[in-house]
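Structure first, commentary second.
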Amino acid sequence: MTSTRPRFRFAPSPTGSFHVGGARTALHNWALARRSGGTFVLRIEDTDEARNRPEWTQGIIDALAWIGISADDAHFEGPHFQSENADAHVAAAHRLFESGAAYYCDLTGQEVQDRAKELGLTGYDGYSRDRGLEAAPGRVLRFRVPDGTTVVSDGVRGDVSFENETIEDFVLLRGNGTPMFLLANVVDDIKMEITDVVRAEEHLPNTPKQQMLWEALGATPPRWAHVPVLVNEQRKKLSKRRDKVALESYRDEGILPGAMVNYLMTLGWTPPGAEAAGSEIFTWAEMEADFDLADVTLSPAFFDVRKLVAFNKQYIKNLPLDEFLAAVDAELPVDWDRRRFASIAPHIMERLERLGDAPGLVDFLFLGDGVDPELDHDAWAKASAPDWAAPLLDDVIEAYSALGDGEWTHETLKAAMETAMGPYEVKLGKAQALPRVAVTGRAVGPPLFEAMETLGQIETIRRMRSAVTRLGESSAPD
RNA sequence: GCCCCCAUCGUCUAGCGGCCUAGGACUCCACCCUUUCAAGGUGGCAGCACGGGUUCGAAUCCCGUUGGGGGUGCCA
């Protein structure tokens with residue numbers, strides 16, 4: 001118990017997916033642990049179900065690694081498993097009984113309820129406190145809550161006090177002798193010499209019980225801190241059933257880990273320099289250096305996917321090209337030519353909200369030769385409507401056909417288009433509309449001339465000729 | 001029911017008694033720029049829940065009301 005280095009524990013229970021709320025408190029613990037030169041202890045609260053699904057545990061480890069918390073770092077310790085300490089949990093309970101801090105009770109759950117109803121109380125009334133019962137099958141061990149007041153000193157919200165008389169003598173050991181979670185948790189924390197517990201606010205009401213256990217077990221309670229919960233638009237705590245909370249799902253649809261981390265950190269806390277910078281985009285190093293529990297907000301925060309996406313867009317835009325290519329690769333169909341994609345990539349980076357949007361933006365480049373893109377009919381109708389549209393398209397085809405080797409670049413393509421549109425007295429924005437729809441199938445997309453350059457002379461001209469044919473068909477009498 | 005927490009633009013927040021004519025970010029709108037869409041630039045809409053105090057002075061402190069949220073198992 002003489003360790004001076006802070007030890008922060010992160011204790012998730014594996015449930016099949018990793019909750020964004022959990023990710024946020026993990027980040028808080030991580031930032032604090034690293035900055036203080038302490039340790040981030042990962043302890044898995046494994047249940048019977050989780051033990052049969054090791055992939056759930058692996059999912060937590062993978063998710064933590066994704067947001068930058070990994071065993072590669074010296075500040076990281078674990079995973080440990082709660083079940084590893086099962087014997088210690090029972091032993092601690094027995095010690096509490098020996099010292100008189102706990103006592104056995106033979107009332108069943110139903111009997112407790114019935115008594116409470118008769119007496120007009122809300123919970124257990126302390127019926128067996130002084131009956132001197134010994135351990136026996138079917139008897140639960142209850143903690144003898146002392147008189148007085150328990151003050152939880154919280155790093156986020158200051159002192160929170162609870163009248164002990166409002167806390168019932170809670171169960172430590174079930175009738176079958178197995179320990180309750182609360183006890184196991186405290187025993188593990190003591191054993192692992194945890195000094196700091198940072199978690200979500202939902203745990204605050206149970207904290208006085210835990211603190212009393214620490215003290216009854218002869219240990220000095222840790223520093224507590226409860227950060228506000230994350231809520232949905234209905235202001236309800238984010239739940240797995242109703243809300244999209246799986247960190248993995250955001251990862252899979254192309255949210256960058258940096259964006260997720262940055263966004264999560266700004267919920268309930270703002271980096272000190274944000275206002276002066278006019279931005280909330282910060283590096284992990286900056287946030288780690290500045291994060292302080294005392295600055296964390298007190299009220300619940302809405303997890304706003306739109307703002308997350310806005311952050312993500314920034315992060316994608318600011319990625320070095322090679323990193324972008326590496327990150328987006330998994331989103332691309334396997335048969336796409338990576339070199340061709342790389343040539344257009346710089347032009348789509350600032351147009352993506354998520355990495356997963358990339359294929360849909362440039363699919364017209366990967367149809368194969370001789371295949372026309374699928375037409376957006378509204379875009380086609382609008383682009384082909386002006387009188388000058390068809391003749392201009394003919395002129396552009398002619399000009400583009402005349403381009404020789406080495407001249408098929410976006411600069412010359414733009415210049416040739418500008419020359420061709422001269423006689424029609426239209427602006428480039430209008431002039432490029434029909435060619436764009438002809439080549440890409442749509443009215444919006446990456447810069448046209450760059451896309452044409454990537455597509456190549458033969459296929460670009462073929463598509464424009466195909467469009468001429470289509471124009472002839474639609475104007476012919478039927 | 002009981003216990004605990006919370007309350008500034010639609011959302012995330014800055015604000016810790018005068019610097020607040022309440023600032024920033026996201027969203028939305030307008031304009032500029034422009035090779036469509038983006039990006040970038042400029043500007044705009046929008047908020048201190050309510051009522052009492054305390055004070056020369058309150059978004060900031062106190063009390064109450066109202067409104068949210070969380071907890072309350074022989075669940076984890």
Side-chain angles (χ1 to χ4, degrees), chain A residues 11-15 45-47 49-50 82 105 107-109 112-113 120-124 138-142 152 154 156-157 160-163 165-168 170-178 180-182 184-185 200-208 226 228-229 231 233-237 263 266-270 272 274-281 295 297-304 306-311 313-314 317 347-353 361 379 383 410 413-414 417-418 427-433 435-437 440 442-451:
Chain A
S13 38
T15 55
E45 294 171 354
D46 50 340
T47 59
E49 188 183 14
Q82 189 142 65
C105 175
L107 254 35
T108 65
V112 169
Q113 276 186 29
L121 296 172
T122 47
Y124 182 67
R139 291 180 182 173
V140 299
L141 183 69
R142 285 181 180 274
V152 172
D154 189 284
V156 171
R157 38 199 98 223
V160 182
S161 58
F162 298 81
E163 294 305 322
E165 63 184 3
T166 66
I167 301 171
E168 67 176 30
F170 52 97
V171 174
L172 262 20
L173 250 32
R174 300 186 183 86
N176 65 9
T178 57
M180 292 288 285
F181 170 76
L182 197 75
N185 216 351
E201 190 193 344
E202 65 206 73
H203 296 289
L204 183 55
N206 278 325
T207 307
H226 293 88
V229 295
V231 298
E233 46 276 84
Q234 276 81 234
R235 298 256 120 209
K236 295 270 195 281
K237 188 175 71 163
Y263 176 62
T266 66
L267 289 175
W269 177 73
T270 310
E275 185 167 342
S279 166
E280 293 178 355
I281 304 292
D295 296 333
T297 306
L298 272 6
S299 43
F302 169 52
F303 186 82
D304 186 355
R306 287 201 301 179
K307 190 160 179 178
L308 201 215
V309 168
F311 274 39
K313 197 166 187 177
Q314 287 278 321
K317 185 164 78 74
H347 304 107
I348 67 170
M349 287 174 66
E350 67 186 18
R351 283 157 232 269
L352 296 177
E353 294 191 329
L361 249 187
H410 62 94
L413 290 168
K414 183 185 179 190
M417 171 96 58
E418 285 171 331
K427 294 204 169 173
L428 185 54
K430 296 270 188 190
Q432 57 93 53
R436 172 181 291 280
V437 179
T440 73
R442 319 178 195 103
V444 299
L448 215 218
F449 305 111
E450 287 78 354

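Letters A, B, ... mirror the listed sequences (proteins, then strands); counts begin at 1. If you're wondering where the values come from, they're calculated on a predicted model, not measured in any experiment.
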Donor-acceptor contact below 3.5 Å, side chain A:T440 vs main chain A:R442: yes
Under 3.5 Å, which protein N or O atoms sit close to an N or O of nucleotides 43-47 of chain B? Give each pair with its distance.
none

Pairing residues for A:R174 by the side chain to side chain donor-acceptor pair (under 3.5 Å) criterion, not counting sequence neighbours: A:T178
Under 4.0 Å protein heavy-atom contact, by nucleotide of nucleotides 68-73 of chain B - B base, S sugar-phosphate only: -SBS--
Sugar-phosphate, base or nothing in reach of A:T297, heavy atoms under 4.0 Å: sugar-phosphate
Minimum-distance nucleotide (side-chain atoms of A:F162 versus B:U35, B:C3, B:A76): B:C3
Nucleic acid footprint by protein, nucleotides 19-32 of chain B - heavy-atom cut-off 4.0 Å, B for base, S for sugar-phosphate alone: ----BBBSS-----
Nucleotide nearest A:A301 (side chain, heavy atoms from C-beta), chosen from B:C4, B:U35, B:U13: B:U13
Contacts of A:S13 that satisfy side chain to side chain donor-acceptor pair (under 3.5 Å) - sequence neighbours left out: none
Side chain to side chain donor-acceptor pair (under 3.5 Å) partners of A:E163, counting only residues at least two apart: A:T149
Lys/Arg N to Asp/Glu carboxylate O, A:E350 vs A:K313, below 4.0 Å: no
Residue pair A:R157 / A:L298: nearest heavy atoms and the distance that separates them: NH1-O, 3.5 Å
Closest to side chain of A:L298, choosing from B:C4, B:U13, B:A7: B:A7
